[in-house]
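Inspection log for the structure reproduced underneath, given as structure tokens.
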There are 2 protein chains.
Amino acid sequence: MIEKNGRVPAGGARPARSAASRGGRAEVLARRPGRSIMRDVAELAGVSAQTVSRVINGHPYVATDTRQRVLAAMRALDYQRNPAARALVTRRSGTLGIVGYESPLYGPTSMLYAIEGAARAAGYFVSVASVRHLDRRSVLDAVEWLRRQSVEGLIAIAPKTSMASALAQATAGLACVTVGGGCSDAIPSAQIDNAGGARLATRHLLDLGHATVHHVAGPSDWPEAGERVYGWRDALQAAGAPTPPVLPGDWSADAGYEQGKALARDRSVTAVFCASDQLALGVLRALHEAGRRVPDEVSVVGFDGTPDGGHYLPPLTSVRQDFAELGRSSLGLLLSQLDRVGDTPILRRDLLLPELVIRSSTAPVPGGDGPAEEVTPASPTPRD
Amino acid sequence: MIEKNGRVPAGGARPARSAASRGGRAEVLARRPGRSIMRDVAELAGVSAQTVSRVINGHPYVATDTRQRVLAAMRALDYQRNPAARALVTRRSGTLGIVGYESPLYGPTSMLYAIEGAARAAGYFVSVASVRHLDRRSVLDAVEWLRRQSVEGLIAIAPKTSMASALAQATAGLACVTVGGGCSDAIPSAQIDNAGGARLATRHLLDLGHATVHHVAGPSDWPEAGERVYGWRDALQAAGAPTPPVLPGDWSADAGYEQGKALARDRSVTAVFCASDQLALGVLRALHEAGRRVPDEVSVVGFDGTPDGGHYLPPLTSVRQDFAELGRSSLGLLLSQLDRVGDTPILRRDLLLPELVIRSSTAPVPGGDGPAEEVTPASPTPRD
DNA sequence: ATGGACGCCGAAAACGCTTTCGGCAATGCC
DNA sequence: GGCATTGCCGAAAGCGTTTTCGGCGTCCAT
């Protein structure tokens with residue numbers, strides 16, 4: 001009754017594993033009672049372990065009834081494959097990493113969840129490492145931490161321009177994608193057409209008859225902020241409108257409030273384009289406190305299209321970006337990198353098109369036509 | 001020159017591993033060139049592999065100079081321990097799971113990052129699984145997915161009451177903690193004192209002379225929403241004020257707007273306590289559109305203390321909860337569960353104290369004293 | 001009959017680490 | 001001087017999978 005491999009056939013429920021091996025040493029670690037392993041399934045199904053493996057991995061050349069027996073045994077034992085053992089031999093962890101910027105911003109959060117959902121659908125686990133501050137050290141640490149977990153690739157959410165080199169250095173030899181801000185030419189990225197969105201917003205205001213549009217920008221070291229500035233300036237120049245100085249801030253309502261106060265003092269400003277909805281919220285408040293009515297005296301446009309924006313006072317016209325789609329897109333980019341392991345990465349940029357949602361914070365310019373008359377703001381040049 | 005274990009001592013840079021084993025079979029999988037393993041380090045340092053292991057794991061009984069040599073070799077080879085191999089033998093993945101509710105809410109997001117930060121400090125990786133809808137099936141799937149990754153424990157963010165059984169069932173035999181909503185007595189949870197916060201808000205309005213306070217609640221199947229209702233009602237009764245019917249919603253500004261429209265029509269309401277800042281945002285808008293001035297005619301209080309709330313029109317008085325601390329607290333709870341593996345879990349509840357931040361959306365009742373006179377709302381009974 | 005070709009399955013060797021056991025020197029104690 | 005103790009280290013087993021190799025039928029074409 002002794003089998004070839006020296007193991008005693010199941011006399012009782014489950015014989016002490018490995019007790020029959022070389023030195024007859026007692027089992028080293030007590031098995032967690034609830035967990036069964038592949039060999040248990042194999043015994044119950046009357047096959048060998050690697051046949052079980054074949055069934056699990058969908059390999060061909062398994063007879064139909066054998067497959068059924070194995071599947072039944074798996075169900076009966078509530079078998080679950082040990083990912084560590086699998087990872088050890090396949091050299092694949094099946095895990096993707098996300099370095100996320102620790103901010104309560106609407107966008108990054110939406111993307112995080114979208115990425116996870118798409119990753120799970122593709123069979124990948126998702127592990128996060130957050131950075132509180134976007135400095136070099138933090139990013140290096142986060143990527144290092146993810147590496148230690150042997151992630152197969154990673155997505156960096158919302159990196160600043162200055163992090164390009166840090167990220168490139170830290171992710172050497174690792175598939176990497178950035179999202180919402182192409183921070184470097186060396187790393188593929190998924191992002192919306194920021195310049196296009198900014199053009200959309202600016203042109204909308206110009207179309208309403210405003211002589212020019214002021215811009216409260218995002219932090220100057222974020223590529224997304226820079227691109228929006230570019231699009232805004234571009235639309236202004238295309239229409240022959242003067243270009244006021246950029247008012248920089250971070251993305252927050254606090255910053256918007258501060259810049260808004262200055263804007264409110266200047267009676268010549270009739271249109272403001274903000275690089276985020278939160279900035280717009282602050283501007284709206286400053287304008288209101290200064291007694292300037294929106295949209296009667298001043299029009300305001302935001303960027304992001306957050307659900308909250310629809311309930312600002314007044315409801316905010318904004319450039320909506322589809323963060324969920326952005327997240328999915330970035331994952332697609334990463335997966336396509338992983339497919340071509342070894343080859344040179346494809347440096348693709350996914351550009352999503354934003355959409356202008358017009359609500360109540362924008363209106364035609366007060367006097368019927370703009371205060372400036374050297375141009376005809378009512379008929380912009382839609383040159384594209 | 002043949003060693004006892006049959007391996008050929010390093011003649012060249014790195015001999016084909018396992019080529020000298022039993023059948024002289026060629027190496028099965030090409031090693032990733034960049035990755036060195038423990039044996040490489042051991043050879044370079046002139047010690048055995050398990051001495052390297054001892055150094056890494058900080059075991060005693062390693063001579064100081066040996067340790068130095070090993071550390072130097074590790075640095076030289078840029079050695080990184082293979083987590084899969086380690087997990088396989090230790091039966092510990094070193095990973096914690098988070099099931100997160102896929103919503104752009106401010107709170108859950110802040111907590112997610114706080115948990116990750118604290119977990120990393122404690123040496124744990126964090127893997128997320130998000131659920132789009134809080135139904136039973138989704139939760140079961142998410143937990144199952146995390147299990148497949150063999151997480152050692154998990155934290156469920158913002159579960160509804162109805163998920164109690166699903167969560168309890170799915171996490172059987174797994175350390176689990178909920179945060180921001182004790183959904184079941186069987187699962188420990190970290191949360192703020194919702195009832196206390198609601199009392200704070202309600203009493204504040206009562207103190208301002210309002211005859212009673214209306215309440216726009218969160219979804220009725222969220223325990224947090226229920227507790228806030230309870231605290232609100234409790235404060236009302238303690239002050240002898242009448243208890244208007246609860247106006248339920250979800251947490252969104254949309255819902256707040258809808259309920260706010262009804263509230264605005266009722267001229268008798270002078271004070272509204274909302275279960276979230278976003279609800280308050282919607283209420284504020286509805287009130288404004290109906291021509292009711294805040295805080296002159298109606299006072300509004302929110303809950304959460306989001307940074308945006310400070311820029312609403314008018315800036316919102318709110319009950320601030322420290323989400324980051326909440327996240328850290330929940331992780332602490334989970335870790336203490338893990339320490340006592342096998343024992344019965346300690347069913348602790350961490351209660352954090354919220355804080356009322358008073359801004360401009362609340363003011364004394366219009367007429368100097370409230371429209372109702374059967375009680376003296378100006379002197380509430382602080383009975384606790 | 002015979003020889004592939006094909007379908008199905010099992011034996012055994014890794015994967016890279018930790019753990020247990022045991023060995024060897026140096027030291028302390030009686 | 002013998003013997004236990006202590007500090008340090010190596011050999012070997014084993015964690016639970018996947019992969020490679022090979023074996024055994026069966027079927028079809030010679």
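Proteins get letters first, then strands, A, B, ... in listed order; numbering begins at 1 in each. These numbers come from a predicted model, not from an experiment.
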Do A/Arg91 side-chain and C/dG16 base share a donor-acceptor contact under 3.5 Å?
no
Think B/Ser53 has a side-chain N or O under 4.0 angstrom from the OP1 or OP2 of C/dC17?
no
Looking at A/Tyr79, I'd like to know whether one of its side-chain N or O atoms comes within less than 4.0 Å of OP1 or OP2 on D/dT17.
yes
Going by side-chain contact (heavy atoms from CB on, under 4.5 Å), A/Ile157 matches just one of A/Ile98, A/Val131, A/Val128. Which one?
A/Ile98
Whole-Å distance between C/dT18 P and B/Arg92 CZ?
13 Å
Hey, does B/Val143 have a side-chain heavy atom less than 4.5 Å from the side chain of B/Gln169?
no
Between B/Thr90 and C/dT19, is there a side-chain N or O to OP1/OP2 distance below 4.0 Å?
no
Looking at B/Arg54, I'd like to know whether one of its side-chain N or O atoms comes within less than 4.0 Å of OP1 or OP2 on D/dG10.
no
How close or far is atom P of D/dC15 from atom CZ of B/Arg81, stated in whole angstroms?
20 Å
If I compare all heavy atoms of A/Val177 with all of A/Ser330, which pair ends up nearest, and what's the gap?
CG1-O, 3.9 Å
Would you tell me if any nitrogen or oxygen in the side chain of B/Tyr61 comes within less than 4.0 Å of OP1 or OP2 on D/dC8?
no
Nearest whole angstrom, please: distance from the C1' of C/dC8 to the CZ of A/Arg69.
12 Å
Presence of A/Asn57 side-chain N/O under 4.0 Å of D/dT18 phosphate oxygens OP1/OP2:
yes
At their closest point, which heavy atom of B/Pro60 faces which heavy atom of B/Arg54, and how far apart are they?
O-CD, 4.3 Å
